[in-house]
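Note sheet for the following structure.
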Amino acid sequence: MGLMSTLPDTEGKKAAIERARHLTDFKWTPLKNINTYTKETGKTFFIAGFEVVGMPYSSPESTDKFIYENVSFETLISVISNPDGVIYTKDLVGHNNYPAYYGIVCNGLVRYALQIDRRISTEMWGSIPGMRKIADMCTYTFDDIKLCDVIYAFGLGVNHVEIVTDILRDESGKVVKIELAGAFHTTLKRRSYTEEEYFEKFKLFELWRYDYIDKVPPLDKSTDEILKKGGAGRTHKIALDYGNKSNYFYGNETVISIFSEGENKIFIQKNGNLSEALTVSGNGKIVRKFEPGYYKVILNKEEDVLEFCVNLPKITHTVESGRLTVHFDSCDTESEILYADFRKHVPTPAGICVSPDSDVVYYDYHYAPLSRIEELSKEEKRNGRYTRDIPMDAGYFKLYFKNKYGVWTHRMIEI
């Protein structure tokens, strides 16, 4: 008789495990080869036509487009199903970056599973409300590990976090294996370990537990259906390079691809009004730098419809006596500010790089968040202004907004 899985004893644990497994078990088939982030190597991570299991791993700090946080699953699927989408056409060189602009990292996977709605770096794990350390490294046993526990390490050459998604027992009830979900180059995976394997691999890890696990809501049914469909091939007759219902930052090119034979009428609406009408014969592309606003792209008589937004907030700041004052306006009645953060940066030897598909310059730095997220009060949000003491090692700040298409952010601003 085989090993038996441990069933979650609360709905919250069940929901957290389902979320983690949707990320690790998601199946999609690349429409083109996806190479390493340095083209000179000539290596291919994902091969066209061969099924991939697991969401793509990526840490695109410069673009701030992470699965679930500010890119919906619907948007991701539409990108994977588009041979001109950013998964295939962009090559962003940088810290832990791969061509897939839309991905997720280790702490993003665990935070999604536990529904912790704040972007943080892995080093800040202990600052999450409700996250409690159960045991230091090498001070707990196999039997101490529970479903949805978090194993975490920072420092000593390790910076990683995973979540327990199963505890496998034999007929006597003895724990034989522990299953963990984690993010690795190049996808998110589930792996099982015996006691010996676990403590050899995770000997530098602490054991943590989330006290609010029972508040984790069930997975939305529409998301469940989208995930089950996967991204096996093109499903739209028109497609956006950043995906349907996506946010673009002002100045970025928007690429609209047409996959419909014959003569096609394309209508582009801005804020509900027709702004452009054109005819495209056969498969083709429309490349534009759009002004700020909400857009719809309509093919013929609504055979297919796309939506997207172009953002350009107004942000100014002053520094006086070690305090930062920021004035902000999303310039969009549908967007609200969520929070802000300070950043420090650690330059890498690569220096500055430029995406070959864009005129945008990306600085190859890892802009690490500091020890806290700057929550804003209702009054600060209403007045469009906040003031904070500047942490000693802060060099930049960043603001996060949200509209109907998800979370979007202004570029990093130097203090």
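Checking S330 against S335 by side-chain atom types alone, no donor-acceptor pair falls below 3.5 Å. Counted by atom type alone, D143 and T141 present zero donor-acceptor pairs between their side chains at under 3.5 Å. Inspection of the R169 and T6 side chains reveals an N or O donor paired with an N or O acceptor under 3.5 Å. E51 and T29 share no donor-acceptor pair across their side chains, judged by distance under 3.5 Å alone. Of the N and O atoms on the side chains of D84 and T89, not one donor lies less than 3.5 Å from an acceptor on the other residue. Looking only at atom types and distance, the side chain of D241 has no donor-acceptor partner in the side chain of N82 under 3.5 Å away.
Taking the ring centroids of F290 and Y295, they lie under the 6.0 Å cut-off.
K237 and E261 are not joined by a salt bridge, as no carboxylate oxygen comes within less than 4.0 angstrom of a charged side-chain nitrogen. Residues K245 and E74 are paired through a salt bridge, judged by an N-O separation under 4.0 Å between the basic side chain and the carboxylate. Residues D341 and K398 are not paired through a salt bridge, judged by the lack of any N-O separation under 4.0 Å between the basic side chain and the carboxylate. A salt bridge does not link K404 with D332: none of the charged nitrogens is closer than 4.0 Å to a carboxylate oxygen.
None of Y250, F401, Y248 except one satisfies the ring pair (Phe, Tyr, Trp, His ring centres under 6.0 Å) rule with W408; the exception is F401.
The two residues K13 and P8 make their nearest non-hydrogen contact at CB-CB, 3.8 Å. Heavy atoms only, all atoms of each residue included: A183 and Y57 are closest at CB-CD1, 3.8 Å. Considering all non-hydrogen atoms of both residues, V71 and L76 come closest at CG1-N, 4.1 Å.
A 6.0 Å sphere centred on NZ of K402 holds no more than 12 heavy atoms belonging to other residues, nucleotides or ligands. The local environment of NZ in K133 is crowded, with over 12 non-hydrogen atoms from other residues, nucleotides or ligands closer than 6.0 Å. More than 12 heavy atoms of other residues, nucleotides or ligands sit less than 6.0 Å from atom NZ of K189.
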Go through the steps for L188 and I104 under the test side chain to side chain contact (heavy atoms under 4.5 Å, CB included), then give the verdict. CA-CA 8 Å; L188 314 189; I104 200 166; 3.1 Å; yes

Would you please test T316 and K314 for side chain to side chain donor-acceptor pair (under 3.5 Å) and show each step? CA-CA 7 Å; T316 60; K314 290 181 181 178; over 6 Å; no

Should F202 and Y193 be marked as a ring-ring contact (aromatic ring centres under 6.0 Å, His included) after you check the CA-CA gap, both sets of side-chain angles, and the distance that decides it? CA-CA 10 Å; F202 300 108; Y193 303 91; 5.2 Å; yes

In sequence, state the C-alpha distance, the side-chain angles, and the governing distance for I415 and F342, and then conclude on side chain to side chain contact (heavy atoms under 4.5 Å, CB included). CA-CA 9 Å; I415 298 173; F342 285 105; 3.8 Å; yes

Show your reasoning for whether side chain to side chain contact (heavy atoms under 4.5 Å, CB included) applies to E179 and V164. CA-CA 6 Å; E179 179 189 88; V164 177; over 6 Å; no

Show your working on side chain to side chain contact (heavy atoms under 4.5 Å, CB included) between M55 and F73 and close with a plain yes or no. CA-CA 11 Å; M55 290 285 186; F73 288 116; 3.4 Å; yes

Apply ring-ring contact (aromatic ring centres under 6.0 Å, His included) to H410 and F249, showing your working. CA-CA 8 Å; H410 189 275; F249 192 78; 5.5 Å; yes

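Using cut-offs of 30° and 60° on the angle between ring planes, the pair Y294 and Y405 is tilted. Between F199 and F142, the ring planes lie tilted relative to each other; the angle falls in the 30° to 60° range. H160 and F184 have tilted rings, their planes meeting at an angle from 30° to 60° on a 0 to 90° scale.
With N264 contributing its side chain and S260 its backbone, the two residues share a donor-acceptor pair below 3.5 Å. At distances below 3.5 Å, at least one donor-acceptor pair connects side-chain atoms of R21 with backbone N or O atoms of T165. Under a 3.5 Å cut-off, the side chain of N383 and the backbone N or O of R385 do not form any donor-acceptor pair. Judged purely by atom type and a 3.5 angstrom limit, S81 uses its side chain to pair as donor or acceptor with the backbone of I77.
Taking CG of N403 as the start and CD of E334 as the end, the distance is 7.0 Å to the nearest 0.5 Å. Distance NZ/K146 to CD1/I134: 10.0 Å, rounded to 0.5 Å. Interatomic distance, CZ of R191 versus CD of E197, reported as 11.5 Å (0.5 Å rounding).
Proximity of L240 to V255: side-chain heavy atoms (C-beta onward) are nowhere separated by under 4.5 Å. Between V216 and E11, the closest side-chain pair of non-hydrogen atoms is not below 4.5 Å. Taking the side chain as every heavy atom from C-beta outward, N244 and T75 never approach each other to under 4.5 Å. A 4.5 Å side-chain heavy-atom check between Y212 and D214 finds every atom pair outside the cut-off.
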